[in-house]
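Report on the following structure.
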Amino acid sequence: MSPREKYWLGVWNEKHAFEPDPIPGKKKVFVTVPYPYMNGPVHVGTAFTALRVEFYARFRRMQGYNVLFPWAWHWTGKTIVGMSQRLKKGDQSVRRGFVEADGVPESEVEKFVDPEYLAAYYTKVSRQVMKDTGLSIDWRREFRTIDPAYRRFVEWQYLRLRELGYVVQGTHPVVWCPADKSPTGDADRMEGEGVSPQEFSLIKFHLGEWALVAATLRPETIYGATNLWVNPEGEYSEARVDGELWIVSSSALSRLAEQKHEVTPVRSFRGSELLARYAMAPLTGRSLPILPGRFVDAAVGTGVVYSVPAHAPYDLMTLRDIQEGRIEAGRQVREIAGKLEPVPIITVAGYSKIPAADALSKHGAKDSLDDSLEAATAEVYADEFHRGVMTAASGPLGGLAVADAKAKAAELLAKTGRLTTMLELPERVVCRCGTRCHVKVLENQWFLNYSDPKWKEKARKVVERAAVHPEEARAWFNSTIDWLNDWPCARKSGMGTKLPWDQEWIVETLSDSTIYMAFYTLSKFVNQEKVAPESLSPSFLDYVLLGKGNPASLAKAAKTTEKRLRELRMEFTYWYPVDLRNSAKELIPNHLTFFAFHHAALFPEKEWPKGFGINGMIQVEGKKMSKSKGNFVTWRSALERHGADGFRLALALTADGMDDADWRERAAEDARSKVEAVVPFVSKALRSAGKREPDSLDAWLYSTVHRRIAAVTEAMEQMKVRRAAAAAFLDMWNDVRYYARRSEHPRLQTLQDVFGAWARLMAPFAPFMGEDLNKELGGKGLLCQADWPSLKDFPIDEEAELAEVVVAKVLEDARSLLRVVKGPRAKLNVYVCSEAVRTYFFELASAKQKGEGVGQVVKRFAGIKAPPDRVFKLIFELGDETMLKLVSNKQFDEYAALSGASRYISSELGVKVEVHRAGASGLYDPGNRAKDALPAKPAFFLE
RNA sequence: GCGGGGGUCGCCCAGCCUGGUCAACGGCGCGAGGCUUAGGACCUCGUCCCUUAGGGGUUCGUGGGUUCGAAUCCCACCCCCCGCACCA
C-alpha cells in the first residue's frame, strides 16, 4: 500500500466518515451486497459487485444522504466443512487450491483442518483487502453467520415463517452420499455433474415362486425381449421385498430400502447360479433364458436387465460375443444363445429392421466391452424415442409412437401387478469424498413452500414495486418467481443455525440469508455489547423488527432498558427498507428472488426492498475465471498490482448492465497510469492559467461540464456505473484537454471551478486521488464529505456550444479538404454565409419539421440558388435539432465565432486562415466561392 | 429442452427503447509527429476502401419486410454466453 493510500485511510477512519447512525429527519440510503462465502479469499468478481455499490454509496453520500453500507461474512453450510475434511484426508487438489490460487502460506494451510479456522482466516484477509481498497463500509456492524446473535435472528425468522405456514414438511428423493450422510449437489460431485434421479421400471419375471426383477428405462421394449442378463460375477440376493419374494443384486436391496421399500434379505449367491435358467416375462408370457452379461452393473438398478437385441446395441453385441465365442461361456449357455434371434418391434426411418445392428456397424464396435457402445446406444435410443413407431410384433402397442408406447406399456404392466418403480441415477455419481452416490428418499424434510400461489403473488408485487437496474433483469425475476418450486431449507450437516423446533436440522445457506440485511441494524449494538445475544428472544425481535408487543415488559424480560429497546426499534425503522441490493446475475434465480419472497412474507409493504442492482459475471482476459483453469485473480493480488484507485477505476470501466465484466491486466495498468496522471495534469494546467474575463470558450466549458454532471448523476442513479465513470473520468478529461489546447490564455478561475467539479465527479471512483486533488486545489475538508457538484454553478450556454460545433465542423471539413487537395495551400479563406442564406435555411428547416411543403420557400429564395437537396443533406448531417438551433438562434453569430477561432484553426491546420462574411461589400473572393457558403458549412478558398 | 441476456469498423465497448446529428462515442492496439539525452509518461493527428476542393463507395451476425430514410422498428434463421435447484 502506498503512503498516500495509508494516509487517507487513516483520515477517513479517524473522522468516522463511514459510520452512520440514524439522524431523524435526514434522508437515508441503505445499500447492501450479498455477503461472500468464506471458503476462499474475495476475488475480482466479488470486487466488481461490491465496488458498484461502493461507488453508489459514495455518490449518494455526496448528494447529502445518510448512507449505510455494511458488510458481513457467510460461513453457513457444508462447503467449508467439506473442504476442511478433504484437506484432512490429504486431498492434494484442495491443498493446491489453498496455496496456489488463494495464496495461503503453508504454515496456515496446516490449520485449515479446522473449518472455523479456515473461514476465520479468509475472513481476516478479505476484510483487510476491502479496507485497503477504501470501501466506505461501516465495519462496526460486521458479523459472521454463525455468531450467536445471528442465530437468534434466524431462529426468529423461521419461527415466524412457520407460523405463517411458509415452512412445511415433505418427502423428496435426493442424490445421496452414504459416507457423508447428506445430499450431494452438483457442486459436491467428483463425477456425474447434472445427473438427477430418473424413474426406472422394475419388471418382475417369474422364476418359480420367485420374481427375478429387471430394471429398465424402456418398458415398451418388453415385446422384443429375448433373454435376461445378469452379471455372473455379481452378488445377488433372494429377499422379501414389500411382502413379495424377489431376486435382485445385493446392492439393490439397500437402495430399495432407501426408497421406503420394506426389505428382508434371505440369502445371497453369485450371479452365475442363475445362468441358463428360464424366467417368464409378463404380458408376452414368453419363457426367457438367463444369460451372462458382464456389462450389467450390479450397483445400478436391480443388477438384472432384459435383453432386446434388435434395439439395444449392448444386448446385440453381447449376444454375438457369446454366439461367436468371444466370451467364454458354458456349453449350455452357448447352445441357448445360439438359438436366439433379435425380435424387431420398432421401425425408424433411416434404419434397417434391426437398428442396433446398424448402429454397431456405424460405430465399428468390436465386442461388448467396446467404448463406442455408449454412443451407439444413445443414438439408437434417441432416434427411436423421437421418430420410432411400434410394429405389430409389439401386440397392443402396435402402431403407437414410441413416446406414447412407453406410457401404455407401463399401464399394461401395472395391471398385471408385475411392475414397480424405483428411482435410479442413469449415470455414475461420485461424491467429492470419493464415495459412490445413490438415490435416497428423504422423509420429513423441511421446505419453504415457494410454490404457494399466494406467496408468489406477493413476491411478484415486491419486484413490481422495486426499481430494477438494469430493467432487462425484471423479466428474469418474474419468470423465476413463476418457476420456483418448494425449496428444502434445512439439512443435517455443516455450519449454521438449527431449526428451533427440530434440532436435527440446520437452516441451509440460501435460506438463512434472505432478510439478514435487517440484522445490520442490530449487529452494531451487539458488537458494542449494548445488547446481549441471549436477550434476542422471538418476542424481543418481534418488537424490534415488527413493532409488536410492549417495550416496557419486553425490556424487563431481556434485562435491558426500555430506552435501549426503543433505540433498537428506531435504528431498524430508520434504515429499513433496503434501498439497493446489488449482486451478480447468477443470484437472480435463487438468492435475490428468495430475498423478495421472505420480505414479502415477513414484513409490511413499507419495509419491502426498494431496488435491485444486477451486474454480469467476471471474466479474466476474456475467459471464465476458475481455480482449475489457473486464472483465478484474488482481490489482493490485483489491488497490489494496480493500487486502490487503479483497481477501482479499472473495474468501474469494465461493464454495465448484465454484460459480463472482463478483467484485463492491460486495462488495469492503463487505468492506474491515467489516475496517477490527473494531479500532475491539473497542476500543470493551473500553472499555465491566468486571470482574465471569461470568454465564449469559458462559457463553452462551463456549459459542457453542466452536461457532464447531469450525465454522471443520471447514470449513477440508474446504477450505470461504467457510463458514469467514463463520463466523470474520461470525457471530462477530454473536455479540459480541449479547453487547454483551444484557449490561448486559459482562465484560472474557470479551471479552478472545473477542476473542483471534476474532483467531485471522480471521487466515488478514485477517492484517494480525489482527496489528493482536492487538497491540491485548496479544498477544505474531506472530498468524500463534500457536496456533489451543482448544475447551477455551470450554466448552459447555447451560443458558446454552437460556436464550438461550428469550429469543429470547419476544422473537420478543412482537414478533409487539405488531405485531398494537392494544389497551393498557403492561405485558407473562409466565407461565412450571409444573413439571407441563414433565413432561407431557417424557413426550410422549420417547414420540413412541420411537415409542410418546401416549394414556396425555395421559390421565395430562388436568388440564393442553393438547391434544396444540398440543404437537406446538411440538415441531416447536423441533425434537425442542432440545425434549428443554429439557424434560429438570433444571438449566435457564426462570423464572430469563426473569426474568434481563426488563430486556433490556423495553428491546428498549419495554414494561414482568414474569415470573411459572404455578401460584404468589397469582398475578397478571387475563387468565386462565397456564394456556396451555407450555415455551419462556410465556403473555402485555398490559395 | 425451458428461462434470461447477447452478436457493432483489429480487440474491448457506446449507440438500439424515443429511425435521420452514424463511417458510427470512448478505451486498447497500431502508424506518424511533438516533447524528452533516451525510454516511459504526456500531447496532437491518422487508423473500412477509393478520391488533386471539402466528395463517393461498402459496412453494424444472416436473409427478408416496413419507411423518403434502418445499426436502430417488424418477421425468420444462424451463432455465443448465463441459469435450470437440496448448492454457494
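None of the values given here were measured: they were computed from a predicted structure. Below, chains carry the letters A, B, ... as their sequence lines are ordered, and counting in each starts from 1.
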### Query
Looking only at heavy atoms, what is the nearest atom pair of Phe48(A) and Gly616(A), with distance?
CE2-O, 3.7 Å
### Query
Are any side-chain N or O atoms of Ser126(A) and backbone N or O atoms of Val42(A), one a donor and one an acceptor, separated by less than 3.5 Å?
yes
### Query
Who is the Watson-Crick or G-U wobble partner of G3(B), with both distances under 3.5 Å?
C82(B)
### Query
Residues two or more places apart in sequence or in another chain: which of them pass ring pair (Phe, Tyr, Trp, His ring centres under 6.0 Å) with Phe941(A)?
none
### Task
Mind calculating the distance between CZ (Arg707(A)) and P (G26(B)) to the nearest angstrom?
18 Å
### Message
When the C1' atoms of G3(B) and C12(B) are compared, how many Å lie between them, rounded to an integer?
### Response
28 Å
### Query
Any idea which of G5(B), C42(B), C12(B) is nearest the Ala475(A) side chain?
G5(B)
### Query
Which nucleotide sits closest to the side chain of Arg722(A): G83(B), G54(B), A14(B)?
A14(B)
### Query
So what does Leu942(A) hit on the nucleic acid, given a heavy-atom distance under 4.0 Å: a base, only sugar-phosphate, or nothing?
base
### Query
So, is Arg666(A) near the phosphate of G29(B), with a side-chain N or O under 4.0 Å from OP1 or OP2?
yes
### Query
Is there ring stacking between Phe940(A) and G54(B), where the centres must be under 5.5 angstrom apart and the planes under 30 degrees?
yes
### Query
Base, sugar-phosphate alone, or nothing: which one does Lys674(A) contact when heavy atoms must sit under 4.0 Å apart?
sugar-phosphate
### Set of residues satisfying side-chain hydrogen bond (donor to acceptor under 3.5 Å, both in side chains) with respect to Ser626(A), sequence neighbours excluded
Ser628(A)
### Query
Expressed as a whole number of Å, how far does the P atom of G26(B) sit from that of G33(B)?
24 Å
### Query
If the P atom of U21(B) is compared with that of A71(B), how far apart are they to the nearest Å?
9 Å
### Ser479(A) side chain, from C-beta outward: closest of G6(B), C28(B), G4(B)
G4(B)
### Task
Please list, chain by chain and in numerical order, all residues satisfying side-chain hydrogen bond (donor to acceptor under 3.5 Å, both in side chains) with Tyr450(A), sequence neighbours excluded.
His598(A)
### Query
Quick one, which residues of residues 726-734 of chain A touch RNA chain B with a heavy atom under 4.0 Å?
Leu730(A), Trp733(A), Asn734(A)
#### Entry: Gap between atoms CE and C1', on Met658(A) and G6(B) respectively (whole Å)
10 Å
### Message
So Asp656(A), base contact, sugar-phosphate only, or nothing? Heavy-atom distance under 4.0 Å.
### Response
nothing
### Message
Taking the P atom in each of G31(B) and G39(B), what is the distance between them to the nearest angstrom?
### Response
14 Å
### Query
Sub-3.5 Å donor-acceptor pair from the side chain of Thr497(A) to the main-chain atoms of Val507(A), do we have one?
no
### Query
Quick one: side-chain hydrogen bond (donor to acceptor under 3.5 Å, both in side chains) partners of Asp670(A), sequence neighbours excluded?
Lys674(A)
### Message
Considering every strand and a 4.0 Å limit on heavy-atom distances, what is the contact class for Arg741(A): base, sugar-phosphate, or nothing?
### Response
sugar-phosphate
#### Entry: Euclidean distance, atom CD of residue Glu665(A) to atom P of G27(B) [Å, nearest integer]
21 Å
### Message
Using atom C1' in both nucleotides, what's the gap between U18(B) and U62(B) to the nearest angstrom?
### Response
27 Å
### Task
Would you classify Asp482(A) as touching base, sugar-phosphate or nothing, given that sugar-phosphate means primed atoms plus P, OP1 and OP2, and contacts are heavy atoms under 4.0 Å?
nothing
### Task
Look at all strands and tell whether Thr184(A) reaches a base, only sugar-phosphate, or nothing, counting heavy atoms closer than 4.0 Å.
sugar-phosphate
## Note on the structure
Per nearest nucleotide of RNA chain B, the residue lying toward the 5' end, Phe681(A) or Ala814(A), is Phe681(A)
### Query
Contact class for Gln445(A) (heavy atom, under 4.0 Å): base, sugar-phosphate, or nothing?
base
#### Entry: Watson-Crick or G-U wobble partner of U58(B), both distances under 3.5 Å
none
### Task
Could you let me know what U47(B) is paired to, Watson-Crick or G-U wobble, both distances under 3.5 Å, or none if it's on its own?
G29(B)
### Task
Would you mind classifying the nucleic acid contact of Lys78(A) as base, sugar-phosphate or nothing, using non-hydrogen atoms under 4.0 angstrom?
sugar-phosphate
### Message
What's the closest nucleotide to the side chain of Arg737(A) if the choices are C82(B), G27(B), A85(B)?
### Response
G27(B)
### Task
In whole angstrom, give me the gap between the P atoms of A70(B) and C49(B).
24 Å
### Task
Send over the distance from Leu934(A) CG to U21(B) C1', rounded to a whole Å.
17 Å
### Task
Could you state the atom-to-atom distance from CG of Asp486(A) to P of A85(B) in whole Å?
15 Å
### Message
Between Asp813(A) and Lys937(A), does any NZ, NE, NH1 or NH2 come within less than 4.0 Å of an OD or OE carboxylate oxygen?
### Response
yes
### Message
Under 4.0 Å, counting only non-hydrogen atoms across every strand here, what does Asn590(A) touch: a base, just sugar-phosphate, or nothing?
### Response
base
### Query
Is the backbone of Met769(A) close enough, under 3.5 Å, to the side chain of Asp645(A) for a donor and an acceptor to pair up by distance?
yes
### Query
In the strands shown, is C9(B) matched to any nucleotide by a Watson-Crick or G-U wobble pair with both distances under 3.5 Å, and which?
none
### Summary
Side-chain contact check for Arg819(A): nearest option of G46(B), A85(B), G4(B) is G46(B)
### Message
Looking only at the side chain of Arg815(A) (C-beta and beyond, no hydrogens), which of the listed nucleotides G46(B), U52(B), G83(B) gets closest?
### Response
G46(B)
### Query
Mapping Ala939(A) and Arg723(A) to their closest nucleotides on RNA chain B, which lands nearer the 5' end?
Arg723(A)
### Query
Under 4.0 Å between a side-chain N or O of Lys720(A) and OP1 or OP2 of G15(B)?
no
### Task
Could you check which of G5(B), A53(B), G26(B) has an atom nearest any side-chain atom of Leu817(A)?
A53(B)
### Task
May I have the distance from Asp670(A) (atom CG) to C30(B) (atom P), rounded to whole angstrom?
12 Å
### Message
Taking the C1' atom in each of C48(B) and U44(B), what is the distance between them to the nearest angstrom?
### Response
23 Å
## Note on the structure
Sequence neighbours excluded, the answer for side-chain hydrogen bond (donor to acceptor under 3.5 Å, both in side chains) partners of Ser583(A) is none
### Message
Need one value for Pro470(A): base, sugar-phosphate or nothing, where a base atom within 4.0 Å counts as base even if backbone is also close, heavy atoms only.
### Response
nothing
### Task
To the nearest Å, give me how far apart CD1 (Ile588(A)) and P (C84(B)) are.
13 Å
### Message
Just N and O in the side chain of Lys937(A): are any of them under 4.0 Å from OP1 or OP2 of A53(B)?
### Response
no
### Query
Are Glu621(A) and Asn631(A) linked by a side-chain donor-acceptor pair shorter than 3.5 Å?
no
